[in-house]
Amino acid sequence: MGYYLNSTQVYSLYESETKKPYFVDKTAMLKELNPLVEEGKNHICITRPRRLASQ
């Protein structure tokens with residue numbers, strides 16, 4: 001069984017996730033990515049920084 005994105009149950013689950021200490025809101029990235037998609041650039045790579053190994 002799936003969830004409807006605009007249902008109250010899913011909204012409350014999402015809201016509880018946003019209150020966790022390590023939640024990162026990446027919606028601002030869409031402002032940067034949308035123009036690339038509109039230009040027809042089909043391959044976009046998004047990576048995260050790697051942790052440096054302690055020596």
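The chain is numbered in sequence order, starting from 1.
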Is it possible for you to say whether L30 and I44 belong to one hydrophobic cluster, with membership spreading through side-chain heavy-atom contacts below 4.5 Å?
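No, L30 does not connect to I44 through the hydrophobic network.
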Going by the rule side-chain hydrogen bond (donor to acceptor under 3.5 Å, both in side chains), which residues pair with T27 if we only count those two or more places apart in sequence or in a different chain?
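With sequence neighbours excluded, T27 shows a side-chain hydrogen bond (donor to acceptor under 3.5 Å, both in side chains) to D25, given in chain and number order.
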Sorted by first residue and then second, give each salt bridge (charged side-chain N to carboxylate O under 4.0 Å, His left out) pair with at least one member in residues 6-21; sequence neighbours left out.
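Every pair satisfying salt bridge (charged side-chain N to carboxylate O under 4.0 Å, His left out) with a residue in residues 6-21: E17-K20.
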Quick one: salt bridge (charged side-chain N to carboxylate O under 4.0 Å, His left out) pairs with a partner in residues 26-36, sequence neighbours left out?
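Matches after skipping sequence neighbours: none remain.
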Could you measure the distance from the CG atom of L13 to the OG1 atom of T18? Nearest 0.5 Å is fine.
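If we round to the nearest 0.5 Å, L13:CG and T18:OG1 are 11.0 Å apart.
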